[in-house]
2 protein chains.
Amino acid sequence: MSSATSNLSVNGAPTSGAGTSVSGTSPTFSPLYQQIKALILQSLQSGEWKPGELIPSEVELAHRFKVSQGTVRKAIDELASENLVVRRQGKGTFVATHHEARAQFRFLRLMPDAGEPHNADNKILEVKRLRAPAEVARQLDMKSGDSVIFIKRVQSFDGAPTIVEELWLPGMIFKGLTVERLVEYKGPMYGLFESEFGTRMIRASERIRAVSADESTASLLNVAQNTPLLSVERVSYTYGDKPVEVRRGLYLTDRHHYQNDLS
Amino acid sequence: MSSATSNLSVNGAPTSGAGTSVSGTSPTFSPLYQQIKALILQSLQSGEWKPGELIPSEVELAHRFKVSQGTVRKAIDELASENLVVRRQGKGTFVATHHEARAQFRFLRLMPDAGEPHNADNKILEVKRLRAPAEVARQLDMKSGDSVIFIKRVQSFDGAPTIVEELWLPGMIFKGLTVERLVEYKGPMYGLFESEFGTRMIRASERIRAVSADESTASLLNVAQNTPLLSVERVSYTYGDKPVEVRRGLYLTDRHHYQNDLS
DNA sequence: TAGTGGTCTAGACCACGCT
DNA sequence: GCGTGGTCTAGACCACTAG
């Protein structure tokens with residue numbers, strides 16, 4: 001036992017140190033279950049429990065943290081609703097991973113107009129190191145000129161090239177990422193990132209536009225120049241809302257569509 | 001008092017009648033809080049509590065339904081997470097409405113590239129009754145040829161026409177919807193639907209593509225023909241997952257983008 | 001001060017997966 | 001049978017709003 005338990009703040013005697021800085025009327029106030037959530041989050045982020053692994057049971061966490069099971073439960077409820085953790089009745093709670101059918105299409109919203117979504121055939125065109133362009137550096141919260149890894153690829157469905165994509169990744173984090181590793185790797189790219197580079201994508205934000213295919217993209221997608229394409233600019237974030245990927249995809253939408261559900 | 005309370009099924013003596021049809025191992029099983037949720041949902045759908053109104057407190061509902069407050073609480077938690085209801089600490093729980101700043105942009109994901117999102121200037125081009133085209137009828141779950149109301153409009157931001165949109169609504173539900181009422185009405189269109197036609201939009205599903213502007217659309221948007229546009233096809237649903245609106249928007253994305261967050 | 005939602009607890013029991 | 005998550009209860013207390 002390493003210590004660091006029971007530094008929790010009781011209601012009415014709020015945490016002294018870091019965090020929150022609520023802009024409300026009363027000084028600060030963090031419910032116990034939020035503090036527990038933060039502690040569990042730390043264990044996830046630090047890799048104490050790795051993707052796919054079973055985390056301690058609710059009762060164990062409860063008396064590790066000296067709180068009731070209900071409080072741990074509420075903390076885990078939130079983590080589950082954020083897809084950081086997956087509950088399985090009768091078995092336990094597991095750290096979420098990108099190596100599962102369930103998570104495969106969470107970050108790919110391009111669906112075939114007819115038929116079930118299926119996996120893309122992935123063709124890597126280019127992998128190289130370069131200095132971050134100003135715009136990319138800004139989005140990755142790096143200094144302009146810092147080293148980034150650049151990837152360009154084409155994805156095909158049923159033999160039809162459909163997505164041309166360019167990615168920029170922080171060189172520091174993804175050091176050692178080569179075209180070989182990308183080509184050899186079977187499964188989702190975020191699975192590779194998670195397993196090989198210890199970086200798990202938590203959420204992403206996309207900006208979508210309609211653009212015209214330029215000459216080079218048109219030839220890659222096997223369409224006429226100026227064909228309308230969906231431009232999808234994505235920034236992905238890992239723990240602590242740290243941006244770790246910038247991506248720009250051009251989607252051919254004659255037989256596919258970007259699916260979005262509003263609720 | 002109209003009866004119809006306490007027809008709840010205890011754990012282990014599951015509901016006999018309708019619903020669920022779970023494809024699991026055990027016959028059926030609906031947690032109590034789900035049953036409570038369904039009852040509250042009925043009151044919402046029937047208009048017993050109208051949009052914007054205060055619903056009974058948790059304690060009152062608890063002993064109206066003969067369950068603990070915690071059970072009612074969990075039912076309302078789900079309704080709140082589905083945006084059907086809004087909780088306000090110290091005040092109570094209110095039926096959600098489209099007449100509020102919060103809900104304004106829930107169904108409009110087109111954001112300006114720079115600056116805060118602001119309201120569109122709305123210009124109605126056309127309102128008429130017609131017989132539902134086959135495709136629209138299918139999406140609205142109607143018979144082909146049934147009466148629908150067709151609307152065409154252009155929306156502008158800062159004086160720049162940006163969205164050309166066509167809508168189809170079931171004639172039965174939206175009987176009496178005229179161009180005058182649409183023009184006179186200030187506020188979001190879904191607010192009008194909710195107040196004047198008793199139909200509240202709960203969720204929507206959008207399919208997004210890139211297309212070329214045809215001649216007529218180009219002239220409405222003040223751009224060259226073949227300018228790439230975002231095509232957004234939406235089907236909106238009210239209570240019971242009943243489709244009640246089909247919409248096809250063409251978005252000009254040179255100064256705006258469709259914003260989507262993946263998590 | 002009273003009423004409402006929000007948190008926390010402790011304990012009982014149920015559904016599920018495994019051994 | 002046992003351990004896990006899932007449900008339900010009853011009661012205490014806190015935070016917020018309003019009269």
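Chain A is the first sequence line, chain B the second, and so forth, proteins listed ahead of strands; every chain is numbered from 1. Quantities reported herein were computed from a predicted structural model and do not represent experimental measurements.
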From the options D:dC16, C:dC16, C:dC8, select the nucleotide whose nearest atom is closest to the side chain of A:Pro31. C:dC8
If you pin A:Gly70 and B:Glu60 to their nearest nucleotides in DNA chain C, which one's is more 5'? B:Glu60
Report the nucleotide, chosen from D:dT4, D:dG6, D:dA18, that has the shortest atom-to-atom distance to any side-chain atom of B:Lys91. D:dA18
Do the ring centers of A:Phe157 and A:His256 come within less than 6.0 Å of each other? yes
Just N and O in the side chain of B:Thr71: are any of them under 4.0 Å from OP1 or OP2 of D:dT9? yes
Under a plain distance cut-off of 3.5 Å, with no hydrogens placed, do B:Ser263 and A:Glu82 share a side-chain donor-acceptor pair? no
Take the protein atom CZ of B:Arg87 and the nucleotide atom P of D:dT17, then report the distance between them rounded to whole Å. 15 Å
With distance as the sole test, does A:Arg109 use its side chain to make a donor-acceptor pair with the main-chain N or O of B:Leu262 at under 3.5 Å? no
Nucleotide D:dT9, atom C1' - distance to CZ of B:Phe65 in whole Å: 18 Å
Atom-to-atom span, CD of A:Gln69 to C1' of C:dC8 - whole angstrom: 13 Å
Counting only Watson-Crick and G-U wobble pairs with both atom distances below 3.5 Å, the stems of 3 or more consecutive pairs that include DNA chain D are C:1-18 with D:1-18
Can you figure out which of D:dT9, C:dG6, D:dG5 approaches the side chain of B:Arg73 most closely? C:dG6
Parallel, tilted or perpendicular: which fits the ring planes of B:Tyr190 and B:Phe107, with parallel below 30° and perpendicular above 60°? perpendicular
Where the side chain of A:Val59 is defined as all heavy atoms beyond and including C-beta, which of C:dA15, D:dT4, C:dT7 is the nearest nucleotide? D:dT4
Separation of C:dA15 C1' from B:Gln34 CD (nearest whole Å): 15 Å
Establish, with yes or no, whether the OP1 or OP2 oxygen of D:dT4 is under 4.0 angstrom from a side-chain nitrogen or oxygen of A:Ser57. yes
Quick note, A:Leu32 side chain, CB onward, closest among D:dC16, C:dT9, C:dT4 is C:dT9
Is a donor from one side chain sitting under 3.5 angstrom from an acceptor on the other, for B:Glu206 and B:Tyr258? yes
Closest of C:dC8, C:dG5, D:dC8 to the B:Glu58 side chain is C:dG5
Please report, rounded to the nearest Å, how far the P atom of D:dG6 is from the CD atom of B:Glu78. 13 Å
For B:Arg88, answer base if it contacts any base atom (sugar-phosphate contacts may also be present), sugar-phosphate if it contacts only those atoms, and nothing otherwise; contact means non-hydrogen atoms under 4.0 Å. sugar-phosphate
Among D:dT7, C:dG5, D:dG5, which nucleotide has an atom closest to any side-chain atom of A:Thr93? D:dG5
When the distance from CZ of B:Phe94 to C1' of D:dC16 is rounded to whole Å, what number comes out? 13 Å
Is the B:His98-B:Phe193 ring centre distance short of 6.0 angstrom? no
Output all residues satisfying side chain to side chain donor-acceptor pair (under 3.5 Å) with A:Asp241, sequence neighbours left out; order by chain, then residue number. A:Arg203
A side-chain contact here means heavy atoms from C-beta on lying under 4.5 Å apart; do A:Met172 and A:Met142 qualify? no
Heavy atoms from C-beta onward define the side chain here; which of C:dT7, D:dT7, D:dT4 lies closest to that of B:Tyr33? D:dT7
Grab the NE2-C1' distance between B:His63 and D:dG11 for me, whole Å please. 17 Å
Return the value, rounded to whole Å, for the distance between atom CG of B:Asp77 and atom C1' of C:dT4. 15 Å
